[in-house]
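Chain letters run A, B, ... following the sequence lines, proteins first, then strands; residues in each count from 1.
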Protein chains: 4
Amino acid sequence: MFTKFWNLDREKQDRIVNAAMKEFSQKGYDLASTNQIVKEAGISKGLLFHYFQNKKQLYLFLFDYGYDRIVEEFYQKIDLTQMDFFKRTREAVMIKMELLTVYPDIFKFMEEALLEDSAEIKVELEKKKKEFIEINMEKFFEGVDYSKFREDVDLKIVLKIITFTLEKLSDEALFKAKLSPTHEFDYEKIRMEAEDYFDVLMKGFYKQ
Amino acid sequence: MFTKFWNLDREKQDRIVNAAMKEFSQKGYDLASTNQIVKEAGISKGLLFHYFQNKKQLYLFLFDYGYDRIVEEFYQKIDLTQMDFFKRTREAVMIKMELLTVYPDIFKFMEEALLEDSAEIKVELEKKKKEFIEINMEKFFEGVDYSKFREDVDLKIVLKIITFTLEKLSDEALFKAKLSPTHEFDYEKIRMEAEDYFDVLMKGFYKQ
Amino acid sequence: MFTKFWNLDREKQDRIVNAAMKEFSQKGYDLASTNQIVKEAGISKGLLFHYFQNKKQLYLFLFDYGYDRIVEEFYQKIDLTQMDFFKRTREAVMIKMELLTVYPDIFKFMEEALLEDSAEIKVELEKKKKEFIEINMEKFFEGVDYSKFREDVDLKIVLKIITFTLEKLSDEALFKAKLSPTHEFDYEKIRMEAEDYFDVLMKGFYKQ
Amino acid sequence: MFTKFWNLDREKQDRIVNAAMKEFSQKGYDLASTNQIVKEAGISKGLLFHYFQNKKQLYLFLFDYGYDRIVEEFYQKIDLTQMDFFKRTREAVMIKMELLTVYPDIFKFMEEALLEDSAEIKVELEKKKKEFIEINMEKFFEGVDYSKFREDVDLKIVLKIITFTLEKLSDEALFKAKLSPTHEFDYEKIRMEAEDYFDVLMKGFYKQ
DNA sequence: AATGAATGAGCATTCATTCAT
DNA sequence: AATGAATGAATGCTCATTCAT
């Protein structure tokens, strides 16, 4: 599958992936136009369907492609020997923001994909998202030292609260960037905000 | 504005509102079809535009309509003399779930509207959402006794963490219902889950 | 016919006529909107059709109305005792321009009506136009002293050439005004241009 | 631009051009229906827009197309070595009528286009018309011997009067054909009428 | 491998006119 | 007399996908 695509020279692959990711993250799955993608990529109409069969397959391919590019690099960078929960999480936030700067388009596509809700790709995408989240939760938290957490509360719930909080913070940051005229992140501000949250969460849920 | 619509008999109003809310929440603003709405409502093409001028005005009307129906009823039910933060919040969750059962379509529409991101209605809808959230945050938390919260952490951040957590819980519940074959909520389970979270949050952020 | 309309108070008649003439001359018959007319006139949808039956009858009524208002006043002003062809014609041009200033909307409507070419009103309007032109050619040229014209050319053709020339001049003036940002006539310039043409035509076709 | 269209086989090109010209000259720009055009041309909805992007581009294309077909042939036929003004003009009238018989639809379209006044194409079409007229006035009158004209009148005005007269004659002929049941020209009658006018104009404005 | 012509259902919106009140 | 709710055909244009070359 997609072997035809992988046999292309790298430059053409990139042109197609970039054009498609750009279009999908700008307009969402349903409103994205394959016409616009081929125009931007400089290839013919038929070729896109030659490689990817249809719009849906193209989208799902892009999701996997983005996953491979970003998640792999994330795990190359993250220090999984750091056992302290908050230290590891804090580093993850920093790496995430770094990747966001290096691969803004891929990252943007992945973020949007996690929010995507089109009926046409619902079933398949939901499955991928679920795997994505489950696998990474497990992998990311492997070996973490939970002994520092209070013992009078349900640890699973505490971890959920922390995850929820970081996700919402990240959503808010993305959303603010979207609304701003330049679409730019203020990384320093976000990091400082995250620090404040880490501080409160640690006070609330670590042993004192 | 919309006086033409309000002069209709109630039954017809309902048919139109229900058809439109259903279509919009199923497909999102951009993909929703006015054709489908009029077919479902059993009215003619021209009539919809006679009442609402265009698709955008219709959508914004529905938002206000939903707001009026649901939010007003919420404040009739909630006991704002209850000063304890968690007790009041817990009651709010229960009322929300009750309203969700009574007005599932309106509720669903409002939930989707808060996530809606179409370019065509962006500016106006964003303004409404912002007002919606600001007014209700202030109103809902009025008079709450914050003296029970720990004093060694930033209260604003604590409140945000709690809000984030409840929102994510609610999203998850909605999402699970969506995926289930019957689209039904298991209220009792959700309430119990919420109780567990309240317990953890109180332990973490109330004075001991 | 139209007795219902004539029984209205004058102010309402004017509102309707003005609104309709404005809409028709701005957009032409086909594109003119009866919706726009009733909105501008401040009357209800049904009322317009109560008075005029349909769009076509309304248009034909307006043509007659404009004719009556403008042509009658034209003949009150023109000095039909002036027997010299060019003097009478020159005065006609001046009166036409004067009326254009006093009743710009009616005049504009009549000018546009003479150019109107919609299939829906073609037959009836063409008949009216033909009558309009025939009757007025006859009436306007009545008693003119043609003895000053050269006798070695066909007088009918000479008169046609002169009429053609004046019509085209008038069209050009209207057209230039339309293209200018302010839509204003430069009366003095038009009069002087007309004088130059009169001079040439007299030299060519009067006895020397 | 329009290379897609030019790559079609000639028969299909003709079907499309003929259908479009017919529709536009019958109903004018605004009321012409692209639906009707594709139906008449026997092509699909999307294809028309595949070639021409939108209605406006289609119209402007047709204008250029008509210009190229008709004006080029006109200059192949006209004898520009004939220096006498009236002889050259007389030949032009004859050629115009000949072309009108050979390409009645193109000719009709061009005539209507010169009168077209739709807001949507105003700017672009006005520019084309202006170029059309300027270039052709210059080219057509090049080398003409004006020494036979009277010297006591303004030559520019005389030429305008002659042009006006011929245009109005032509309009009248077209108009009469339009009103007749068979829509046919009586060429011989028109030529004879034109001769009468030429005779009067020469007597009036040539040296005696 | 690569092209791009071809399809026709679908979209939001406007229109003149009718008719029950 | 006067209202305005109601109709549904028609508008220009876009879309993902196919297929002969």
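Here A/Leu8 lies in heavy-atom contact (under 4.0 Å) with sugar-phosphate atoms only. Counting any heavy atom pair closer than 4.0 Å across all strands shown, D/Asn54 reaches sugar-phosphate atoms only and no base atom. Here C/Tyr51 lies in heavy-atom contact (under 4.0 Å) with sugar-phosphate atoms only. Among the heavy atoms of the strands lying under 4.0 Å from C/Lys55 are primed sugar atoms or P, OP1, OP2 only; no base atom is included. If you check every strand for non-hydrogen atoms under 4.0 Å, B/Asn35 touches sugar and phosphate atoms only.
For the pair A/Lys45 and C/Ser33, both in contact range of DNA chain E, the more 5′-proximal nearest nucleotide belongs to A/Lys45. Ranked by how close their nearest DNA chain F nucleotide is to the 5' end, A/Gln53 and D/Gly46 are led by D/Gly46. Place D/Lys12 and B/Lys27 on DNA chain E by their nearest nucleotides, and D/Lys12 ends up nearer the 5' end.
Here E/dA20 presents its C1' atom at 16 Å from CG of B/Asn7, a figure rounded to the nearest Å. Note: CG (B/Leu48) to P (F/dG4) measures 19 Å, nearest angstrom. Put simply, CD on B/Gln36 is 8 Å from P on E/dC11, counting in whole angstrom units. Atom CZ in D/Phe49 sits roughly 11 Å away from atom P in F/dT11 (whole-Å rounding). The nearest whole Å value for the distance from the CG atom in D/Leu31 to the C1' atom in F/dT11 is 10 Å. F/dA1 atom P lies 13 Å from atom CZ of C/Phe5, rounded to whole Å. Note: CG (B/Leu47) to P (E/dC15) measures 16 Å, nearest angstrom. Between the CD1 atom of A/Ile37 and the P atom of F/dA16 there is a distance of 8 Å, given to the nearest Å.
For C/Lys129, the NZ atom counts as densely surrounded, since its 6.0 Å shell holds more than 12 non-hydrogen atoms of other residues, nucleotides or ligands. Taking a 6.0 Å sphere around NZ of B/Lys22, one finds it holds 12 or fewer heavy atoms contributed by other residues, nucleotides or ligands. Enclosure of atom CD in B/Glu131 by more than 12 non-hydrogen atoms of other residues, nucleotides or ligands within 6.0 angstrom is indicated.
Interatomic distance, A/Ile37 CD1 to A/Glu23 CD, rounded to the nearest 0.5 Å: 5.5 Å.
For C/Thr34 and E/dA16, the shortest distance from a side-chain N or O to OP1 or OP2 is below 4.0 Å. The shortest distance between the side-chain N/O atoms of A/His50 and the OP1/OP2 oxygens of E/dA1 is below 4.0 Å.
Comparing E/dG8, E/dA2, F/dT7 against the side chain of D/Ser44 picks out E/dG8 as the nearest.
Taking a pair as Watson-Crick or G-U with both hydrogen-bonding distances under 3.5 Å, the stems of three or more pairs touching DNA chain E are E:2-21 with F:2-21.
Between C/Phe63 and C/Tyr67, the ring planes are parallel. Angles under 30° get that label, and only those over 60° would be called perpendicular.
Partners of B/Phe109 by ring-ring contact (aromatic ring centres under 6.0 Å, His included), not counting sequence neighbours, listed by chain and number: B/Tyr59.
Residues D/Phe52 and D/Trp6 place their aromatic rings such that the two centres sit no closer than 6.0 Å.
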Name each donor-acceptor pair under 3.5 Å that joins a side chain in residues 41-51 of chain A to protein atoms two or more places apart or in another chain, with its distance.
{"from": "A/Ser44", "atom 1": "OG", "to": "A/Leu47", "atom 2": "N", "distance (Å)": "3.3"}
{"from": "A/Lys45", "atom 1": "NZ", "to": "A/Asn35", "atom 2": "OD1", "distance (Å)": "3.1"}

